[in-house]
Amino acid sequence: MLPYEPREIEPRWQGVWEASRLDEVREGDDKPCYYVLEMFPYPSGDVHMGHVRNYSIGDVISRYKRMRGFNVLHPIGWDSFGLPAENAAIKQDSTPAEWTYRNIERQRASLKQLGFSYDWNRTVITSDVNYYHWGQWIFLKLWEQGLVERRSSPVNWCPSCKTVLANEQVLGEGACWRCGSTVERRELEQWFFKITNYAQELLDDLDTLEGWPERVRQMQANWIGRSTGAEIDFALCDADKNPSDERITVFTTRPDTLFGCTFFLLAPEHPLVKRLVEGTVFEAEVARVVELAATATAVERSKGERKKNGAFTGRFVVNPINGEKVPIWIADYVMMDYGTGAVMAVPSGDQRDFEFARAYGLPIPPVVIAEDDPLFETLYEARERKLDDVTWEAAFDGAGVMVQSAEFTGMKGGKDSPGSQAVIDKLAAQGAGRATVNFRLRDWLISRQRYWGNPIPAIYCDNCGIVPVPEEDLPVVLPMDADVAKGETLASRPEFYHVTCPRCGAAAHRETDTMDTFTCSSWYYLRYTDPHNTALPFAREKVDAWMPVDQYIGGIEHAILHLLYSRFFTKALRDIGLLAFDEPFSNLLTQGMVKLNGEVMSKSKGNVIAPEDMIARFGVDALRLYTLFMAPPDKDLDWSQEGLEGVSRFVNRVWRSAHDLLGETVVDEEGTLLSLYDESLDAAAAAARGKELNRELHRVIGKVTADIDRFNFNTAISAVMELVNTISSYLRVPLALRDEPLAHRAARTLVLLLAPFTPHICEELWQVVFGEEGSVHLQSWPEFDPKQAIADVVELAVQINGKVRARVTVATSATEDEVREASLAAAASLIGDKPVKKLVVVPGKLVSIVV
RNA sequence: GGGGGCGUGGCGGAAUUGGCAUACGCAGCGGACUUAAAAUCCGCCGUCGCAAGACAUGAGGGUUCGAGUCCCUCCGCCCCUACCA
């Protein structure tokens with residue numbers, strides 16, 4: 001036996017597989033299609049353990065499905081536009097393109113070294129012109145559909161990255177997702193994708209994504225943030241309640257509390273504020289609060305308990321339900337970008353309004369109260385206002401009964417309650433309100449004031465305004481040699497910037513903003529199905545054949561951003577007629593992180609375990625197997641060097657066991673005999689061990705198959721370890737007494753079951769050691785025969801009054817009556833003469849006797 | 001504040017539908033082989049107990065012949081999200 005040398009075996013087989021194009025998709029056969037996809041990497045540096053784990057999961061699924069008879073699409077590419085390339089280029093006095101493509105080549109080499117079964121002929125690189133060309137084409141199609149808008153809006157600006165950001169790219173407490181800087185709010189004219197047109201469908205279809213983790217579905221639902229309620233119009237009035245024509249509309253989820261509205265709030269940045277107070281005595285104080293809100297937000301926000309600041313504007317509105325005069329205040333807790341930026345404040349029903357009322361001495365009349373509230377007796381059936389304040393410590397925002405609410409008194413109040421509906425109906429009848437649905441989701445801001453991205457195909461003409469670049473003029477090519485270190489931008493390149501207007505022929509100039517990188521990653525999975533198409537982003541029949549992605553694998557950090565944008569793209573492209581399905585990813589697996597001592601590995605912390613170091617010591621197969629064995633795929637994995645060594649020992653053991661099963665004498669490097677025969681075994685004992693081995697083979701085939709199907713790779717591997725333990729027991733049978741066909745079958749089965757996990761050692765054993773024809777990765781998955789996994793006899797536990805008291809061995813084929821009899825006999829001395837009240841038989845498991 | 005998830009040996013974790021809790025691995029302990037070590041192989045390894053046995057899945061209660069799993073109450077931890085009107 002040759003010693004196991006992963007460093008020799010692994011590169012050799014990788015070369016053979018590449019030369020024979022083993023992993024390239026062969027289209028046109030009649031096998032069912034299966035599309036397995038891992039989120040493609042950003043080429044920021046070396047391949048790390050997180051990549052190894054992510055791609056090992058995908059590779060097991062890919063190889064397994066191929067052995068199960070599927071035609072598998074398993075592609076890889078790079079998400080290669082983005083700001084880090086610009087920053088790196090400045091630091092290294094290089095260009096973003098140079099830095100990006102150098103990193104891609106390094107990562108490509110690493111991924112090949114890891115032996116992943118990618119179809120390298122389908123690589124998609126988003127900064128390649130033959131890809132981003134079609135991103136521009138899709139942009140134009142969305143524009144034609146009315147899904148692209150350029151408009152002025154308050155947006156998030158990162159002063160460090162010097163670009164605007166989408167809402168989804170601003171993390172908690174106002175931090176930029178890339179650099180962590182506090183973002184600023186600016187009013188700017190920008191490009192948007194109208195993702196809000198799909199808000200309802202994006203929410204509804206989450207219910208169809210049964211193959212997604214509940215957590216991700218919840219996060220998306222929360223992000224979309226649907227609220228049902230009403231819009232209510234309040235007319236501005238003067239101090240004597242004379243209404244004007246001007247109305248301010250609010251959104252509320254609690255129209256039933258309208259009788260408790262004692263003040264009216266505007267966001268500090270609300271466009272009306274300035275005009276309401278201009279030239280009045282209230283102007284100075286209002287301006288002070290506006291200023292406070294604009295400057296202190298980010299700092300205040302991080303401080304947990306926030307004091308609510310506000311100021312009276314000196315103006316009033318009329319409450320449309322009861323004609324009461326309500327003062328208009330501004331308050332810094334009212335957000336301009338949710339609802340309408342105006343709020344009807346009901347201090348008894350909303351905690352924030354409650355605190356504000358207490359701080360500024362405003363009345364708090366209760367209007368919806370719980371039935372067990374002490375006030376209930378006093379106020380029940382009170383239609384007029386009897387009580388103008390409460391002794392409560394906090395607002396009551398639950399479901400209750402409406403009081404002090406005219407004809408609505410006594411009705412059930414709460415979110416979406418009959419009381420709410422009744423109030424909406426009355427307001428609708430007088431034209432002062434209507435039922436409506438509000439979403440938290442905002443339109444997707446996709447323009448970036450950066451160089452290294454996909455140019456937005458638009459032209460500015462003094463005569464014609466904003467003009468789309470004609471389809472036949474695509475692609476708008478990004479100059480690859482821009483020296484960003486010297487401050488070069490798209491605007492500073494005359495040959496890029498100056499154009500003639502495609503409509504009128506006058507001198508014009510190009511848009512110099514580029515698209516958000518997330519636009520590139522929103523459709524790359526479609527391009528993989530048809531990566532070389534030069535006439536279209538993809539052909540309809542290719543997409544129809546492969547999509548949707550059967551299994552998508554990636555990190556939870558994309559739960560909202562990438563996954564929501566991709567779902568939007570899919571729906572928008574469907575409506576353009578390019579696709580026929582509603583959702584891009586049928587099943588999603590979010591893998592956990594690889595950590596060291598509970599901390600995320602990072603270069604800056606200096607706690608990185610480099611894959612190549614581990615490969616040099618233990619080999620690719622051991623490393624990959626380790627990442628799959630140590631934890632379930634969706635959980636975080638804390639690095640354990642001892643754990644990797646244990647898995648490496650197991651791989652070595654597989655190598656020795658396979659040789660031994662073929663009848664080879666196994667020796668170590670110094671020639672010491674490692675095969676261990678038990679000469680005391682006779683033919684009958686050998687046959688019994690053979691029977692046991694055969695049974696175990698079938699049990700493990702069944703277990704591994706079921707476990708891979710539900711992504712329990714860790715237990716699939718432990719089942720193979722159990723098989724190897726049983727094989728070890730069989731290997732003690734002296735060669736002369738062994739069942740040779742059985743031993744060979746065991747060896748082949750072991751290798752087939754492990755092939756998706758440890759592809760190199762299995763290929764070596766299969767082709768070289770076993771001398772089989774063809775790659776192990778093109779073999780059929782072992783057939784599971786449940787009948788052969790069953791033993792002739794089975795030991796049952798006998799429970800008496802819920803405790804295991806005895807054991808009885810019966811034939812597997814025994815009838816329930818036979819089992820009953822045998823267990824009563826076995827437990828006779830324990831039961832004595834007590835009458836048996838009940839007897840439950842669980843076939844193959846236990847018997848429960850109650851006395 | 002809202003939402004999601006979790007609590008099992010010294011550690012990572014297993015237990016698919018309510019059916020013998022702790023599979024598999026790591027660490028540890030003992031033995032074989034060896035001049036010795038490494039490697040390998042065999043065995044032990046929840047707690048208490050000499051043993052028979054008793055007790056153990058965060059705590060307490062319930063349903064059931066039977067609960068890690070289902071229900072209720074409480075405690076603790078993690079993640080996401082948030083002045084969302």
Side-chain angles (χ1 to χ4, degrees), chain A residues 171-173 213-219 221-223 225-227 229 250-254 257 265 267 297 300-301 306 308 331-335 337-346 349-353 355-356 397 438-440 556 559-560 626 629-632 634-647 649-650 652-653 656 666-670 672-676 678 703 706-707 709-710 712 714-722 724-725 728 731-732 795-804 807 837-851:
Chain A
L171 309 178
E173 285 159 20
E214 182 56 29
R215 182 151 81 114
V216 176
R217 293 202 273 173
Q218 268 305 325
M219 284 169 77
N222 290 343
W223 186 261
R226 181 182 196 269
S227 304
V250 301
F251 170 75
T252 180
T253 56
R254 295 293 304 277
T257 64
L265 298 171
T297 46
E300 291 280 297
R301 276 180 178 201
R306 286 154 220 162
K308 288 172 174 46
D332 59 3
Y333 69 91
V334 178
M335 302 289 117
D337 53 7
Y338 184 77
T340 62
V343 172
M344 59 173 239
V346 181
D350 181 283
Q351 186 57 27
R352 295 155 301 171
D353 298 344
E355 288 167 26
F356 191 86
D397 60 5
N438 188 61
F439 291 96
R440 210 189 81 111
I556 188 77
I560 295 171
Y626 164 78
F629 175 66
M630 281 305 282
D634 55 336
K635 281 204 174 178
D636 286 351
L637 185 160
D638 207 18
W639 186 262
S640 156
Q641 195 65 29
E642 294 80 16
L644 175 56
E645 283 164 18
V647 168
R649 275 199 288 276
F650 169 71
N652 273 280
R653 202 169 167 215
R656 289 192 304 271
V666 176
V667 294
D668 70 9
E669 277 133 51
E670 278 135 38
T672 313
L673 186 69
L674 295 177
S675 296
L676 196 74
D678 182 349
K703 170 85 176 149
D707 281 354
D709 280 334
R710 59 192 179 122
N712 288 8
N714 53 333
T715 53
I717 294 162
S718 71
V720 179
M721 288 173 169
E722 287 172 296
V724 171
N725 290 339
S728 288
L731 289 174
R732 306 204 61 188
E795 190 187 57
L796 303 180
V798 180
Q799 290 186 344
I800 297 170
N801 291 343
K803 299 266 177 200
V804 177
R807 292 181 179 278
K837 280 197 220 156
K838 191 167 182 179
L839 197 149
V840 180
V841 175
V842 183
K845 300 272 185 187
L846 56 74
V847 178
S848 184
I849 302 170
V850 187
V851 297

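If you're wondering where the values come from, they're calculated on a predicted model, not measured in any experiment. Letters A, B, ... are given to chains in the order of the sequence lines, protein chains preceding strands, and every chain is numbered from 1.
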- B:A32 versus B:U17 - spacing of their C1' atoms, nearest Å: 46 Å
- Side-chain donor/acceptor of A:Asn801 to backbone N/O of A:Val851, under 3.5 Å: yes
- Task: Measure centre to centre between the rings of A:Trp639 and A:Tyr626, then say whether the value is under 6.0 Å.
- Result: yes
- Query: Quick one: is B:C84 close enough that its OP1 or OP2 comes under 4.0 Å of any side-chain N or O from A:Arg352?
  - Reply: yes
- Query: Would you say a side-chain N or O of A:Arg217 is under 4.0 Å from OP1 or OP2 of B:G4?
  - Reply: no
- Item | Donor-acceptor pair under 3.5 Å, A:Lys837 side chain vs B:C65 base | no
- Query: OP1 or OP2 of B:A14 sitting under 4.0 Å from any side-chain N/O of A:Asn714?
  - Reply: yes
- Message: The criterion is side-chain contact (heavy atoms from CB on, under 4.5 Å); which residues satisfy it with A:Asp707, sequence neighbours excluded?
- Response: A:Lys703, A:Arg710, A:Asn712, A:Thr715, A:Ala716
- For A:Lys803, which contact category applies under a 4.0 Å heavy-atom criterion: base, sugar-phosphate, or nothing? sugar-phosphate
- Protein-nucleotide distance (A:Leu644, atom CG; B:G12, atom P), rounded to Å: 18 Å
- Query: Taking atom CZ of A:Arg656 and atom CG of A:Leu731, what is their separation to the nearest 0.5 Å?
  - Reply: 11.0 Å
- Sequence-distant partners of A:Tyr333, ring pair (Phe, Tyr, Trp, His ring centres under 6.0 Å), two or more places apart: A:Phe356
- Query: Got a donor-acceptor pair under 3.5 Å from the side chain of A:Arg807 to the base of B:C20?
  - Reply: yes
- Task: Report the residues that fulfil side-chain contact (heavy atoms from CB on, under 4.5 Å) with A:Met344, sequence neighbours left out, ordered by chain and then residue number.
- Result: A:Ile232, A:Phe234, A:Val250, A:Thr252, A:Thr257, A:Leu258, A:Cys261, A:Val346
- Item | pair A:Arg653-A:Ser728: side-chain heavy atoms closer than 4.5 Å | yes
- Secondary-structure stems for RNA chain B, with pairs counted as Watson-Crick or G-U when both distances are under 3.5 Å and runs at least 3 long: B:1-7 with B:75-81, B:10-12 with B:24-26, B:28-32 with B:40-44, B:46-48 with B:53-55, B:58-62 with B:70-74
Could you go over nucleotides 61-64 of chain B and give all protein N or O partners under 3.5 Å, atom names and distances?
none

- A:Val840 vs A:Gln799 side-chain heavy atoms within contact, under 4.5 Å: no
- Contact state string [nucleotides 25-38 of chain B, B base, S sugar-phosphate only, - no protein heavy atom under 4.0 Å]: SSS-----------
